[in-house]
Amino acid sequence: MERSDKTFYELGGMNEKAVRHLAFEIAKRLEGGEILLLKGDLGTGKTTFVKALAEGLRIDPDDVRSPTFTIVNTYVGRNLTLLHADLYRLSDPSEVLELDLLGLLGPETVLAVEWPELLAGFIGKNALKIELEYEDEKTRRLKLSGSYKWIERMVKDFFKKERQTKEVK
Amino acid sequence: MERSDKTFYELGGMNEKAVRHLAFEIAKRLEGGEILLLKGDLGTGKTTFVKALAEGLRIDPDDVRSPTFTIVNTYVGRNLTLLHADLYRLSDPSEVLELDLLGLLGPETVLAVEWPELLAGFIGKNALKIELEYEDEKTRRLKLSGSYKWIERMVKDFFKKERQTKEVK
Amino acid sequence: MRVLAIESSCDETAVAIVEDGKLLSSVLSSQVNIHRKYGGVVPEIAARKHLENILFLLDEALDRASLKIDDIDVFAATQGPGLVGSLLVGLSLAKGLSISLNKPFVAVNHLIGHIYANFLSFPDLEYPFLVLLVSGGHTEILLAEDWNNFKRIGKTRDDAAGEAFDKVARLLGLGYPGGPEVELAARNGNPIYRFPRALNEKGNFDFSFSGLKTSVLYFLKNNPEARIEDVAAAFQEAVIDSLLTKTFAAAKTYGINKIVFAGGVAANTRLRERANEIAKEKDINIYFPPIEFCTDNAAMIAMVAYEKAKRGIFSPIDTNAIPYLSIVSL
Amino acid sequence: MRVLAIESSCDETAVAIVEDGKLLSSVLSSQVNIHRKYGGVVPEIAARKHLENILFLLDEALDRASLKIDDIDVFAATQGPGLVGSLLVGLSLAKGLSISLNKPFVAVNHLIGHIYANFLSFPDLEYPFLVLLVSGGHTEILLAEDWNNFKRIGKTRDDAAGEAFDKVARLLGLGYPGGPEVELAARNGNPIYRFPRALNEKGNFDFSFSGLKTSVLYFLKNNPEARIEDVAAAFQEAVIDSLLTKTFAAAKTYGINKIVFAGGVAANTRLRERANEIAKEKDINIYFPPIEFCTDNAAMIAMVAYEKAKRGIFSPIDTNAIPYLSIVSL
Amino acid sequence: MKYLSIDSSSRRLLLLGVNEDKTMGVTLHNVGRHGTYLAPAVKDLLEYLQMSVKELDFIGCGIGPGSLTGLRVGISTVKGLAYPFDIPVISFCSLDLLAYNNYLSSAVVMRRGREGYYYWRKYRFEGYKPVPVEEPGFDSVDKLKSGILTKNEVLIFENEQEKEQFEGYDSLIALPPSPEIMKQIIVKAFEAGETIDVRELKPYYLQKSVAELNWERKHGKST
Amino acid sequence: MKYLSIDSSSRRLLLLGVNEDKTMGVTLHNVGRHGTYLAPAVKDLLEYLQMSVKELDFIGCGIGPGSLTGLRVGISTVKGLAYPFDIPVISFCSLDLLAYNNYLSSAVVMRRGREGYYYWRKYRFEGYKPVPVEEPGFDSVDKLKSGILTKNEVLIFENEQEKEQFEGYDSLIALPPSPEIMKQIIVKAFEAGETIDVRELKPYYLQKSVAELNWERKHGKST
Ligand SMILES: Nc1ncnc2c1ncn2[C@@H]1O[C@H](COP(=O)(O)OP(=O)(O)OP(=O)(O)O)[C@@H](O)[C@H]1O
Ligand SMILES: Nc1ncnc2c1ncn2[C@@H]1O[C@H](COP(=O)(O)OP(=O)(O)OP(=O)(O)O)[C@@H](O)[C@H]1O
Ligand SMILES: Nc1ncnc2c1ncn2[C@@H]1O[C@H](COP(=O)(O)OP(=O)(O)O)[C@@H](O)[C@H]1O
Ligand SMILES: Nc1ncnc2c1ncn2[C@@H]1O[C@H](COP(=O)(O)OP(=O)(O)O)[C@@H](O)[C@H]1O
Ligand SMILES: [Mg+2]
Ligand SMILES: [Mg+2]
Ligand SMILES: [Zn+2]
Ligand SMILES: [Zn+2]
């Protein structure tokens, strides 16, 4: 596994429940201002992840829909507001800049981005990158990396709750 | 007659009509910002003078009343506003300052003051001083002095209209 | 509904509180000894020191009414006529209180205030009635037709009657204020001389008293032997004759059978005597209010404000002082 | 009464003018060639370049309606839902025009706009009626009870139907936009496979199409020999079955006998076939509007604004964009 | 912290409102008479900042020297605002507003009181912050030129006309005072605990003593 | 002359209105979102000054660089105001507001665009008036430090946090821009005849070219 100054975790054999659980754990640790980048092929579960994240922020997950056509959906949670972006339909970085996503991010806002490749050049080190890959139709492999201090703690807590996971650091 | 750098005119034998005529002539030449000081004993005709001055500013002279108790009356003329003050009831200069007369004087305001002695220290050179004295019950002697450039012209015009006057320069 | 009103149009700073048309308290800078809240030093209450007087008077008025400032529903102040600097103190304070407590604000006409003062003395006085407002600063005949309908029938074209008394008193070598002095002297004299009654044409309800100054001055000059008391009596007779003739004529012309006499000069005994005589002849009711409501005060302002407020008529917060405000509708 | 409305919630910049409920002009950045007023150069009309597009569209809309900007009585714009930066362009412009010409301003809900679009096609459509709004960005069952009374009966919980078509088209190696491509392929295929219908419990009017992506993907993986056309047909059948079953069930539950189908997916022939079949069985009237009023446009916004304005319902000038605005009353 | 502040000593009406991290400043120059505009501006300011007078920690008020009529409107309005809730007041010398944002070592702010007479105040500078050296004064141009002003001090005027009588002196036209400058002055004073009770709020009245001296000289009357 | 001007490029919303000799300036800092406050503030300003948009000689508009969302609100509002009467527009660089009232010989105004990137503009000074040396730019902190910035120039920042990454450079915190400063900029531009048609009004969009360069480098794609 690639070593870098960022933390890096790989979680395999994750069924949908586990994926949602992880998102929920992450949501509990969000304070506002964080960016989550969700990278993965069609149907790997990025939107599913964000639904569970939203639930952790006290947002009704049924209100969290795919932002493919709307590009950015805004959900108002109990303490934080969740900006849910999907850059699938965008074709170049200037289109991303026009969204002014970073301008809309505030101390009480969290940003989750599906298909985040176009955003790569603009995000500094402070982001949580989550890569989703198919293992099979119902199982996914998730790769987490990022410099938020709470990631390590969160993964450890998560392991305590889940059994079918392997930690590689 | 005292010579000074100010113009100085003395007009004797003025009956009430003549006094009012003079006031009217003066009114026609006022442009705004001028100060008229009316000095004279009780009943010499200061208020009478101001009534006629007001008429020259297109103010109904019946609306011009003695400001002895009100201290300052304001009349709105066609082009200019006339502030008519009477310091008879005031006893020291701080009372005068509190009136902020000079603060109320604007480019479209003219100030006429009866019993102006308390104001003396505050007016610069720019004022028209009119002194009224009894000659007899119906006749007055008026002494004009001041540095307004139009005074000389006005007196000359006035002489053309009046016959019972003597000019002393 | 409780209305607090501030009057600061000229010499007096006054605050009063009225509740549903009933007077709860009325204080005036000229009549009240105010002890400063801190230190107990009595500040100098001087005429026209409105800015210095105002909060102490506010304290006093509330105290005497046993109220707190947030018990007040409406804040009112005199808009004019008067000295603009003085008016602005009362108006600005009322606006500040209005904004601070989020309560409505009402601006009041001082002259209408004098008319409404009569209700403080005669609560059951019904419209229409005539008012002869005669003091140092006012000499007017006012017709009160309705709560919101006033007319000035006549006014002085130069000096007010009270002013005439004061100035003639000076010419006669008497003290100040002139009114009582002249009256006193007149009582010991006889009106054996006749001074002119100005503007005495039929149907003319305006007055003019400035001529009396020169008349008296020259009369004294030309008649050095004349007794002061007799001159005083003659002068007084001229003024009163003028005032009453026109006032009663106005009552007849306008079909009014009630006349209220108000203002400092209404204290004059000779005027009251004569008024009573004429009233009996003409079968007209006349009223003389207590002096405290004739001179400038805030209770009369509060009464006007109450009438407006109870009808939901308030003033916008950008209402400025109008030093030359005349008598128009409310 | 002439209403000018601006729609700029996402990809489209649009301006339309409606007079007394009648459409005078409707222009869209995606459909109009705009020549720049000076120089004759055609600027690039790109999606979401609202700030660049807007004044040209304003010119066009007024021109086509033969009106001048000061002929307009009311200015309206979409308040939400949508992209906040995009919404703000339309809202701010409308407010600027409103202030400049001292005319009222109305903010409009985009979703209610889609409902009102039906009146552009069916002016005599009467309440109540059901709407299945199904496009790339919307999949909702809406109940229009009254001019001001709307309910969302059901919605997708993840992907919109049109989005599903687009993504499955990609998985099948077909072009973009996916809807027509999949429909074409399906016509040459047979729905011999069965993909799951999500949320198919009785009384559940919500949709879910995201599972179809994974289902199709793994189906193709596990059945490499399956014909694309057959998979397309099976997928299409699953979506349409889901849409129509729930929609007609909602009509029955709410006692409605009129259903309007709106949105890009309503162009699908198979959906229309099946809808007609079911409608005959159930004796329900169904309507399919022309495509131009189903996709985002300003005419529908103007219609809503007109309804509000004619009732004197305007919006305060401090109305901000609400990117997450949901369907509430007007 | 929540506070309000106004200065009505000149034709430039300044208003400032602060509600924690929200700040709103309004300047009305020659817009009209303060008697008309001050109250609505205060009311609108509180509305924009969504705060009520009740919540204020203090109210700042410029006390001149300057236009007596303008000061009356401002001071009396502040009295009305503060009175119901006993809100502490910070009073400040309006001339201080003109001393800010100048890069000098010593200066004198000059404001014409009446023909031939100026209000003035001397400042030294700590870095860029002006520190008043003494209380403001009021004197004739002659008296100023023959002893009060020194050649070291830069004279600061509000406009060109007022500068005319002081040819030969180092002078500059002040930056138009902004609500931000007022903010610096009052926050500093508040932090130094310099609040007063609203009953103590009154304007500088510098013309008085000069007038009285002149009068006494003329009339031999004791005040 | 009658005119209006706004700058919505940052959290400090500036508004200016001038009706002949009457001037009104309003500053709203952190008060709320421009989408809520700008339009009512413009409307109130016109009411206080008793002028209508129809009478305006021109409208001034800050075009950034800065917050794209804020600029959209401002620019689109100005478009709506100007369009019905074809009112000429004066656009100006918002960074210029920060350069005023400094007593320097050369300076660079810095405003953070996003993490690690700053908008910047260089100025020389004619007396106390800043004159821009070139168009504003947008670069990474690294690029700025390794070539763009020189040691002669004083860096001007809007607040302490944005200054942190430039230790070792001569820097200062700008005076909070006031409507008066905006007035100087737009009047000068108007007198120099620099008006534009409202259709030409658009924001600086400096991040774009940098983004495109980066993208092309990564993807070998021509824009
Ligand atoms: N030649 C004259 N000029 C002016 N007034 C005259 C003349 N002859 C007679 N009069 C009369 O003398 C009276 C003057 O009164 P007026 O009130 O004007 O004097 P005043 O100087 O204002 O007195 P005060 O000292 O009370 O203010 C008027 O009634 C007027 O008609
Ligand atoms: N282990 C899993 N983790 C997440 N989703 C799963 C898993 N197993 C099955 N699923 C299903 O796969 C589907 C994933 O769809 P989803 O829309 O979340 O994917 P996505 O990555 O957002 O796709 P897109 O590329 O269209 O944005 C959902 O229907 C979900 O229920
Ligand atoms: N007995 C009296 N006879 C005549 N005039 C009087 C008498 N008493 C007082 N006055 C006059 O009344 C005036 C004072 O009245 P007041 O109502 O206080 O005046 P204002 O309210 O106009 O200031 C003085 O001019 C005084 O001379
Ligand atoms: N014949 C069709 N069958 C199914 N879907 C279709 C068909 N035509 C278009 N679509 C879908 O409709 C969507 C576009 O609809 P539109 O109303 O423009 O979307 P929106 O308004 O939500 O942006 C696309 O997702 C497209 O695949
Ligand atoms: Mg997704
Ligand atoms: Mg007189
Ligand atoms: Zn009175
Ligand atoms: Zn839509």
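So that the names make sense, note that chain A is the first sequence line, chain B the second, and so on, each numbered from 1. Only this structure's heavy atoms are used, side chains among them; waters, hydrogens and symmetry mates stay out.
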Under a 3.5 Å distance rule, please check whether C/Lys213 uses its side chain to pair with a backbone N or O of B/Gly45 as donor and acceptor.
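Side chain of C/Lys213 to backbone of B/Gly45: no pair is present.
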Reported OG1-to-CG distance for the pair B/Thr47 and C/Asp159, which is rounded to 0.5 angstrom:
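Answer for the OG1-CG pair, B/Thr47 versus C/Asp159, is 6.0 Å.
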Within 6.0 Å of CD in B/Glu108, more than 12 heavy atoms from elsewhere:
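Atom CD in B/Glu108 is not crowded, with 12 or fewer foreign heavy atoms closer than 6.0 Å.
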Within a radius of less than 6.0 Å around CD of B/Glu31, do more than 12 heavy atoms belonging to other residues, nucleotides or ligands occur?
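At most 12 heavy atoms, drawn from other residues, nucleotides or ligands, come within 6.0 Å of this atom.
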What I want to find out is whether B/Asp62 reaches C/Arg157 closely enough, with some N-O distance under 4.0 Å, to be called a salt bridge.
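A salt bridge is present here (some side-chain N lies under 4.0 Å from a carboxylate O).
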Of the backbone (N, CA, C, O) and the side chain (C-beta and beyond), which part of [X] lies under 4.5 Å from a heavy atom of chain B, both, or neither?
X        : result
C/Ser215 : both
C/Val216 : neither
C/Lys155 : side chain

Which portion of [X] sits near chain C, non-hydrogen atoms under 4.5 angstrom:
X        : answer
B/Glu137 : both
B/Leu90  : side chain
B/Lys138 : neither

Count the heavy-atom pairs under 4.5 Å between each of [options] and chain C, then report the option with the highest count.
options                            : value
B/Pro61, B/Gly43, B/Gly103         : B/Gly43
B/Leu99, B/Asp136, B/Asp63         : B/Asp136
B/Arg65, B/Glu98, B/Arg89, B/Glu95 : B/Arg65

Over all heavy atoms of both residues, which pair between B/Trp115 and C/Arg170 is shortest? Give the atoms and the distance, please.
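Closest approach of B/Trp115 to C/Arg170, heavy atoms only: CH2-NH2, 3.7 Å.
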What residues of residues 67-81 of chain B sit under 4.5 Å from chain C when only non-hydrogen atoms are counted?
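Under the 4.5 Å heavy-atom cut-off, B/Thr68, B/Phe69, B/Thr70, B/Ile71, B/Val72, B/Thr74, B/Val76 qualify.
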Go through the steps for B/Ser66 and C/Asp158 under the test side-chain contact (heavy atoms from CB on, under 4.5 Å), then give the verdict.
CA-CA 5 Å; B/Ser66 167; C/Asp158 41 47; 5.5 Å; no
Cation-pi between C/Lys167 and B/Tyr88: NZ/CZ under 6.0 Å from ring centre and within 45° of the ring axis?
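Positive - C/Lys167 is close enough to the ring of B/Tyr88 and near enough to its axis.
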Hey, which of C/Gly85, C/Gly136, C/Ser210 has the most heavy atom pairs under 4.5 Å with chain B?
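Option with the greatest count: C/Gly136.
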